[in-house]
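Following: one structure in C-alpha cells, then a few remarks.
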Amino acid sequence: MALLQIAEPGQSAAPHEHKLAAGIDLGTTNSLVATVRSGVAETLPDEEGRHLLPSVVRYTPEGVVVGEEAKAAAAEDPHNTIASVKRLIGRGVSDLKTLGDRLPYEFVDTDSAVPRIKTVAGPVSAVEVSAEILKVLAARAEKTLGGPLTGVVITVPAYFDDAQRQATKDAARLAGLNVFRLLNEPTAAAVAYGLDRGAEGIHAVYDLGGGTFDISILRLNKGVFEVMATGGDSALGGDDFDRAIAEWIMQQAGIGGDASPQLLRSLMDKAREAKEALAQQDTVEIEVALPGGGQWKGQLDRATMNRLIEPLIRKTISACRRTLRDAGVRPAEIEDVVMVGGSTRTLRVRELVGEFFGTEPLVDIDPDKVVAIGAALQADVLAGNKPEDEMLLLDVIPLSLGIETMGGLVEKIVPRNTTIPVARAQEFTTFKDGQTAMAIHVVQGERELVADNRSLARFELRGIPPMVAGAARIRVTFSVDADGLLHVEAEELSTGVKASVEVKPSYGLTDEEIAGMLQSSIEHAGEDMAARRLTEQKVEAARVVEALRSALATDGDELLDAAERQRVERALHDLQQTADSASDAETIKQAIEQLEKTCEFYVERRMNSNIRKAMAGHKVDEFE
Ligand code: ADP
Ligand code: MG
C-alpha cells in the first residue's frame, strides 16, 4: 500500500504568529468544538459552562435557535425543530424512503435531488441546518480565542461517502469557515492520545456510541499515521444494551408483550439509567410503574447486566476480528486500543476489548470529547503552528473504486481500504480497430460484475486516433483527495486528448448499504469468480475472433489459398459458437487454444511478411 504524504503548502507560520484554528466534532446527537491553547487541547464550553452542543436546530419566525433551547422545544414544535440532521446530510430524495418514517419533519416536494425540510422560515436543506450548528460552534471558538479562525478541521464518520463528505464541506463553507480538511472521527481520537508521538506501531480505535460501532486500525510509521482498515457495525450500540436490559426488567416484572409504547419508552429510560449507574456501582435499584397500577421494585447487579449484554459486546469483537483480517494484522500486534463513545464507559466492554487485544485499553480522555480534541490538535498543525514534519494523517476509502471493462466486468483501480489521498493510474486500450471513442464507467463496490456494484459516473473520451485494436493507450487516473472526493481522468497518450469527471454523487450510501455490499461480496466470492472467469474467456474469444477477422480482411487473400482460408474460417466459426454457448470458462479457453493452433501457420506467415498486426501476443491483458 503506497504511503502518500499530505502536503499542506504555505502553512508554516512565523514563530511568533499563532494562527487561530479549531477542531469540530459535528455529531449526530451532540457537537463540540475544541482548540489548542498554550499547547493544551481542550473543548470549549458555552457561557453556561456546557461543552456539548445538542445538534438540534429550531426555525422560528424570529430566527434560528441552536442547541439546548432548540432541543427543549422539540416536543412542542417538532416540525420546525430539526435533530439528527447528520443522518440526512449528503443524502438524496431517494434515501428518504429508508430514512423518512424515522424523521418527524415534513419534506418539500421537489424535483431537486436534495431533500428540503418544510419550516416556518421556509424550506431548509441538511447542509443549511448543519451550517447553523457550525456557526454557533465557530462563534464560541472565536469569542473564546478573541479573533477570527483561520481554519477548522471537521470530523466525519469513517464510512461517510463522497457525497456526505462534500455536503459537510459545503455546510462549513456556508457557515463562512475555511476547512483545512475533514478527518475521520476514529483517526482524530488516536491523535488526542498522542499516539503519533509514541513508538512506531499499530493501534486500534474502538468507538461504541448509542447506535453505531466503528473500529479502525491505524499504523504509525516514520511519524506518519496511516489508517490501515476500518469496519464496524452501523446498527449496534448502547441502545441495544438498553433493549436487552429492558427485556430483562419486563421478564422480572411480569410485563407482557402488549406493553404500551409509553411504558416501553420508560423501560428503555430505566434501563439506560441502570446501565450508566453500573459503570460506577455494583448494584442498582429499579422501580417501574406497572400498567395495571402498582409498582415493581427490583435490583440489577453488574454481573447480571454483563450476562445480558455480553453477546452484544461479542458482536463488536467479531467486527474487530474481521477488520484486523482486512488490515492483515493479528490482535497481538496491536499496541494500543483507544476507547471512544459513551458506551465504552461500560466496564465489561473495556474488559472484553482488553482481553481480545491483549492490552489495557486507553480510557483516560473523556470518550465524548476525545474526537474534538484530536481534531483541534490536527487543526493546530494544519494552521502552521507546529513544525511541518509533526503529524500527517491518512484515511482510507471504504469501498473499492474501478471502471467497467469489456463484458461488464469491473477492473478495480483503487482497492478498498487504500489510504487517501491516493492517485492510481492504469492503462487500457481499444477493443476494435479504428475505435475513436471510449466510454468510461466509474463504479464503486467489491463485486466482480458491474451489475452488482454501484454506478458513480459515466463519461466519454473522444478523439482517439483510429488505430488497430489494442494499439491505442489510454491512461485512466483515479485520484482521491484528502477528503475522499474522487476525480477520474482518461488520457489518450499519443495525442494527449483528455476527458475527466469529478464524482460528487447526488446521493450517498448508508452505512448499512456499505456493510451490505461488503457482506454480499464475501457471500458471492465463489460464484463471482466463476462468472468473472467465464466473462473474461468470452471477451478473450471475441477479441481473437475480431483480430482474426481483421487480419483476414487485410491480407487473407494475399497469404492464404482457398483451402487454407476455409480451414481458418471454420475454426473461427467453431470458436464463436463455443463462446456463445459454453457455460464454463475452461471450454472456451480450450476452444481458443484450438483456434490458435489451427491458425499458427497463418500467424507465422503474417509475421514473416512483416505485417505484425493483431495476432501478436494478444491475451486480453492490455487491460492492465
Ligand atoms: P453517539 O456517538 O451514537 O451519539 P455517544 O458516543 O454519545 O453516542 O454514546 C451514547 C451512548 O453512551 C448511550 O447509549 C449512553 O447510554 C452510553 N453511555 C453514556 N454514559 C454511559 C455510562 N456511564 N455507562 C455506560 N454507557 C454510557
Ligand atoms: Mg459518536
Side-chain angles (χ1 to χ4, degrees), residues 24-32 43 50-56 67-68 71 83-89 102 130 133 154-160 184-189 192 205-216 230 232-246 249 265-284 286 300-302 304-306 308-310 312-313 315-316 338-353 361 363-375 510-512:
I24 295 177
D25 173 0
L26 185 59
T28 308
T29 323
N30 294 298
S31 297
L32 291 107
T43 54
R50 298 172 299 206
H51 290 249
L52 294 173
L53 176 75
S55 306
V56 184
E68 288 297 345
K71 186 179 165 184
S84 302
V85 72
K86 195 171 176 178
R87 290 202 310 223
L88 272 182
I89 199 159
R102 284 194 276 154
S130 303
I133 300 168
I154 301 175
T155 58
V156 292
Y159 278 141
F160 256 27
N184 279 347
E185 288 159 9
T187 310
V205 180
Y206 179 103
D207 179 351
L208 189 61
T212 58
F213 170 60
D214 278 301
I215 175 78
S216 300
T230 64
D233 187 332
S234 57
L236 181 60
D239 300 344
D240 299 291
F241 295 1
D242 302 347
R243 209 162 292 125
I245 297 167
I249 299 175
R265 185 66 253 158
S266 125
L267 286 173
M268 286 290 282
D269 288 342
K270 301 271 180 203
R272 184 171 42 76
E273 282 163 23
K275 170 192 76 176
E276 294 183 6
L278 287 175
Q280 256 85 48
Q281 59 207 57
D282 294 334
T283 63
V284 64
I286 303 173
L300 177 63
D301 59 32
R302 192 184 285 149
T304 306
M305 176 183 76
N306 288 349
L308 296 171
I309 62 175
E310 181 129 345
L312 298 165
I313 308 174
K315 274 176 85 173
T316 70
V338 176
M339 299 297 258
V340 183
S343 296
T344 62
R345 292 200 179 92
T346 295
L347 300 176
R348 189 64 184 147
V349 171
R350 297 179 180 181
E351 282 169 13
L352 289 176
V353 170
V363 297
D364 294 335
I365 303 178
D366 186 333
D368 296 325
K369 296 179 180 168
V370 63
V371 167
I373 286 172
T510 62
D511 293 0
E512 287 83 354

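When a residue number appears, it is its place in the shown sequence, counting from 1. Both ligands and their constituent atoms are indexed starting at 1 by order of listing. It should be emphasised that the depicted structure is a prediction, and the values quoted were computed from it without experimental measurement.
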Under 4.0 Å from a heavy atom of [X]: which atoms of ligand 1 are those, numbered in the order shown and with their elements?
X	answer
G341	6 (O)
R272	16 (O)
R345	19 (C), 20 (N), 22 (C), 23 (N), 24 (N)
T29	4 (O)
G238	14 (O)

| task | Walk me through it: do T344 and V363 pass the test side-chain contact (heavy atoms from CB on, under 4.5 Å)? | result | CA-CA 8 Å; T344 62; V363 297; 5.9 Å; no

| Is there at least one pair of N or O atoms, one from G210 and one from ligand 1, spaced under 3.5 Å apart? |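 So ligand 1 has an N or O lying under 3.5 Å from an N or O of G210.
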
| task | Using distance alone, determine whether E276 and ligand 1 share an N or O pair under 3.5 Å. | result |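 By distance alone, the answer is yes.
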
| query | Would V156 and L26 satisfy side-chain contact (heavy atoms from CB on, under 4.5 Å), going step by step from the backbone distance to the final call? | reply | CA-CA 7 Å; V156 292; L26 185 59; over 6 Å; no

Would [X] count as a contact residue for ligand 1, given that I'm defining contact as a non-hydrogen atom of the residue lying under 4.0 Å from a ligand atom?
X	value
T28	no
S343	yes
G211	yes

| field | Results of salt bridge (charged side-chain N to carboxylate O under 4.0 Å, His left out) for R265 - residues two or more places apart only | value |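 So R265 forms a salt bridge (charged side-chain N to carboxylate O under 4.0 Å, His left out) with D269.
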
| task | Check each of G342, A274, S84 against atom 6 (O) of ligand 1 and report the one with the nearest heavy atom. | result |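 The option holding the nearest heavy atom is G342.
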
| request: Would you indicate which of L278, D368, V340, D207 comes nearest to atom 7 (O) of ligand 1 when only heavy atoms are counted? | output: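 Closest candidate by heavy-atom distance is D368.
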
| Verdict with reasoning, K86 to E185, per salt bridge (Lys or Arg N to Asp or Glu O under 4.0 Å) | CA-CA 14 Å; K86 195 171 176 178; E185 288 159 9; 2.8 Å; yes

| said: Between K270 and E273, does any side-chain N to carboxylate O distance fall below 4.0 Å? | reply: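 The answer is no: the pair does not qualify as a salt bridge.
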
| query | Short question: side chain of R302, backbone of Q281 - any donor-acceptor pair under 3.5 Å? | reply |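 Between the backbone of Q281 and the side chain of R302 there is a qualifying donor-acceptor contact (under 3.5 Å).
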
| Are K275 and I309 side-chain neighbours, meaning at least one heavy-atom pair lies under 4.5 Å? |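 No, side chains not in contact.
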
| field | Contact check, side chains of D240 and F213, non-hydrogen atoms, under 4.5 Å | value |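 Side-chain contact under 4.5 Å: no.
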
